[in-house]
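Hydrogens, waters and symmetry mates are skipped; everything else that's a heavy atom, side chains included, is used.
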Amino acid sequence: MPLFTSRKKKEAAHVAAPTAHVSAEKPYTAPVYNNKDLQKKANDHLWMHFTRQSVMHENGVPIIVKGDGHMITDIQGKSYIDGLSGLFVVQAGHGRKRLAEAAAKQAEELAFFPIWSYAHPSAIELADRLADYAPGDLNKVFFSTGGGEAVETAFKLAKQYWKKMGKPTKHKVISRSVAYHGTPQGALSITGIPAMKEMFEPLVPSTFRVPNTNFYRAEQHQDDLYAFGQWAANRIEEMIEFEGPDTVAAVFLEPVQNSGGAFAPPPGYMQRVREICDKHDVLMVSDEVICAFGRIGEMFACNAYGYVPDMITCAKGMTSGYSPIGATIISDKIYEPFSKGTSYFPHGYTFAGHPVSAAVALENLNIFEEEKLNENVRTNSPLFRAELEKLLDIPIVGDVRGDGYFFAIELVKDKATKETFNDDESERLLRGFLSKALYDAGLFCRADDRGDPVVQLAPPLTIGPKEFAEMREILEGVLKEGARIV
């Protein structure tokens, strides 16, 4: 997968920073946890995210206490394959001591300082590194602490940019059906999942949805992937023209759309979207919160698919989850009106570009380069797909799709007609059976119905064929049982 760039990137290899000295005076002792005590405290006080609290009150909560490589261990000592990298995050695997040591070393030297009018070395070095990996003229890095904040930053920046360019009516944003872009008010407004938004209305106005690239359920060009991709891209132009190009600020899209189940871009799709954005003077934002840092086999997925956006949003895998960070990477074109005089972007976060997180990110990127994690993904992705496609013989498995180390298995009631499950059936299958059954069988992954029912897989980038087979065997047993109960 080539790196598409309009300028020469630095060719010098990044040298790994020396690891911190670890004292041998006090050997590490693993903590001992009291499950009953922690369950009571969780029940009394912990409000989990995107979770039905009633389930914890009735049955308790799984408590994970250790990670090692691609395995996680719960409080009772049972181990599981982490088939979701935590939450599309732990690219380099669990238990990396050198990342913990990088955090400790930085915390001892400078634990915190803001990047509001000041700077510190780790944020500067990380910004330089990210700009080096990014394509084209994406040279400026605005840090945040997570993916939703990175998207929020891009949304606000797009609106202010057009005001500075003398086009204040360009404030509308286009995204795709069922797409998830985060939980802050602006990012949630861009999200294309009505059920996730309705309880928070009214949200930021003037965001609009177009079709996604779910070829499995295509109603147009069902036998021609390229033609379908062009059709889907052209719906973006249709929306821009309908709303008026002088009112549209940006198009937000993920390289591989997560919600709905790993919709990869058809050949030529992203190039057509880039053409449309250029034609109508609209910014193109590549939301790579999940897809960046090796998930698709490149540091940035736009490099894998051959397009240069105006902004990239990223987070998750930048540190492999060892410390929180996010970033919005911005083109020179967008930065230019902010670069002189009294102009500035009145936006920021207290912990953005945190010294410890930035130091961990730099060391994590060293691991990527030293261990060739992107190359591992590119080499093994076809084997991962082939292993999962063996599940297509199961009556409820309708489709296997995705790219890199990011796949989804769509579940259907009738394979011949592609009929999906109704809400009650989906509830019974996913939450009533699959989530717990897969976990009990030793696989942590996601059974999701934001869109049609799918099982999502995004394991650490360090694994290979042996682990693919182990995951497939677990999935096979559980999905066959699921087919018998629905």
Side-chain angles (χ1 to χ4, degrees), residues 48-50 62-75 78-104 126 145-148 150 254 256 258 262 288-301 314-327 354 356-378 380-381 384 402-408 438-439 442-446 448 455-464 466-468 470-471 474:
M48 294 183 292
H49 297 199
F50 288 96
I63 299 175
I64 305 301
V65 300
K66 183 175 174 57
D68 184 13
H70 66 282
M71 302 297 292
I72 53 175
T73 303
D74 70 15
I75 197 167
K78 182 178 177 180
S79 293
Y80 310 81
I81 297 172
D82 183 356
L84 203 64
S85 300
L87 194 61
F88 313 99
V89 170
V90 190
Q91 319 292 64
H94 297 274
R96 291 275 190 169
K97 289 185 179 180
R98 64 187 283 188
L99 296 182
E101 289 167 353
L126 181 58
T145 63
E254 299 164 274
V256 177
N258 171 33
E288 304 201 17
V289 171
I290 287 177
C291 292
F293 308 110
R295 185 55 55 193
I296 310 300
E298 295 281 353
M299 286 300 188
F300 294 112
C314 56
K316 292 184 183 290
M318 195 189 311
T319 65
S320 286
Y322 285 70
S323 191
I325 199 168
H354 192 282
V356 172
S357 295
V360 171
L362 286 165
E363 191 65 17
N364 182 56
L365 296 173
N366 287 339
I367 290 172
F368 265 77
E369 294 184 355
E370 292 167 18
E371 299 185 10
K372 302 185 183 304
L373 295 187
N374 286 313
E375 291 88 335
N376 187 61
V377 172
R378 295 197 296 269
N380 287 311
S381 177
F384 192 11
D403 199 0
Y405 273 24
F406 186 18
F407 284 95
L438 287 166
Y439 186 73
L443 176 61
F444 170 71
C445 57
R446 173 188 265 180
D448 189 20
V455 174
Q456 291 178 305
L457 296 160
L461 312 184
T462 52
I463 70 169
K466 176 177 177 292
E467 292 79 20
F468 301 155
E470 291 172 354
M471 286 190 285
I474 293 171

Q. Do Y405 and F468 make the cut of ring centroids closer than 6.0 angstrom?
A. yes
**Q.** Atom pair CG (L457) and CZ (F444), whose distance is rounded to the nearest 0.5 Å
**A.** 11.0 Å
Q. Would a 4.5 Å heavy-atom cut-off, applied to side chains only, mark P459 and M471 as touching?
A. yes
Q. Considering all heavy atoms of both residues, which atom of A292 and which atom of Q91 are nearest to each other, and what is their separation?
A. O-NE2, 3.5 Å
Q. Roughly how far apart are I81 CD1 and L438 CG, rounded to 0.5 Å?
A. 11.0 Å
(Q) Please determine whether side-chain contact (heavy atoms from CB on, under 4.5 Å) holds for the pair M299 and F293, giving the CA-CA distance in whole Å, both sets of side-chain angles, and the decisive distance to 0.1 Å. (A) CA-CA 4 Å; M299 286 300 188; F293 308 110; 4.2 Å; yes
Q. What residues form a salt bridge (Lys or Arg N to Asp or Glu O under 4.0 Å) with E467, not counting sequence neighbours?
A. none
Q.
Please evaluate residues H70 and D82 with respect to the criterion side-chain contact (heavy atoms from CB on, under 4.5 Å), reporting the C-alpha separation (whole Å), side-chain torsions for both, the decisive distance (0.1 Å), and the verdict.
A. CA-CA 6 Å; H70 66 282; D82 183 356; 5.5 Å; no
Q: Could you tell me which non-hydrogen atom of V455 sits nearest to which non-hydrogen atom of C445, and how far apart they are?
A: CG1-SG, 3.8 Å
**Q.** E298 vs R378 side-chain heavy atoms within contact, under 4.5 Å
**A.** yes
**Q.** Note, L461 side chain near R295 side chain (heavy atom, < 4.5 Å)
**A.** yes
Q) Any sub-3.5 Å donor-acceptor pair from T319's side-chain atoms to G321's backbone N or O? A) yes
Q: Determine yes or no for a side-chain-to-main-chain donor-acceptor pair under 3.5 angstrom, with E288 supplying the side chain and A301 the backbone.
A: yes
(Q) With rounding to the nearest 0.5 angstrom, report the CZ to CG distance, F368 to N376. (A) 10.5 Å
Q: Decide yes or no on side-chain contact (heavy atoms from CB on, under 4.5 Å) for L126 and L365, but give the supporting numbers first.
A: CA-CA 9 Å; L126 181 58; L365 296 173; 4.0 Å; yes
Q. Is it true that a side-chain atom of S323 and a backbone atom of V360 form a donor plus acceptor pair closer than 3.5 Å?
A. no
Q) Quick one: side chain to side chain contact (heavy atoms under 4.5 Å, CB included) partners of I64, sequence neighbours excluded? A) I72, D74, Y439
Q | Close side-chain approach of I367 and L99, heavy atoms under 4.5 Å | A | yes
Q: Tell me, yes or no, whether the heavy-atom count around K97 atom NZ, taken from other residues, nucleotides or ligands under 6.0 Å, exceeds 12.
A: no
(Q) Do I325 and H354 make a side-chain contact, defined as non-hydrogen atoms from C-beta onward lying under 4.5 Å apart? (A) no
Q. Would a distance-only check, ignoring hydrogens and angles, find a side-chain to backbone donor-acceptor pair under 3.5 Å from N364 to G317?
A. yes
Q.
Do F406 and S381 have side chains that approach each other closer than 4.5 Å (heavy atoms only, starting at C-beta)?
A. no
(Q) Could you walk me through whether N258 and R446 satisfy the side-chain contact (heavy atoms from CB on, under 4.5 Å) test, starting with their C-alpha distance in whole Å, then the side-chain angles of each, then the deciding distance to 0.1 Å, before giving a yes or no? (A) CA-CA 11 Å; N258 171 33; R446 173 188 265 180; 3.9 Å; yes
(Q) I'd like to know if E371 and R96 make a salt bridge, using a cut-off of under 4.0 Å between side-chain N and carboxylate O. (A) yes
Q | Gap between atom OG of S320 and atom CG of L373 - 0.5 Å precision | A | 7.5 Å
Q | Contacts of D448 that satisfy salt bridge (Lys or Arg N to Asp or Glu O under 4.0 Å) - sequence neighbours left out | A | R450
(Q) Is the shortest side-chain heavy-atom distance between I296 and V377 below 4.5 Å? (A) no
Q. What pair of heavy atoms forms the shortest contact from A458 to S85, and how long is it?
A. O-OG, 2.6 Å
Q: Can you see which heavy atom on A327 is nearest to which on A150, and at what distance?
A: O-CB, 3.5 Å
Q) How long is the gap from CD1 on I63 to CD1 on I75, to the nearest 0.5 Å? A) 4.5 Å
(Q) For P324, is there any backbone N or O sitting under 3.5 Å from a side-chain donor or acceptor partner on S357? (A) yes
Q | Non-hydrogen atoms of S79 and T73 that approach each other most closely | A | OG-OG1, 3.0 Å
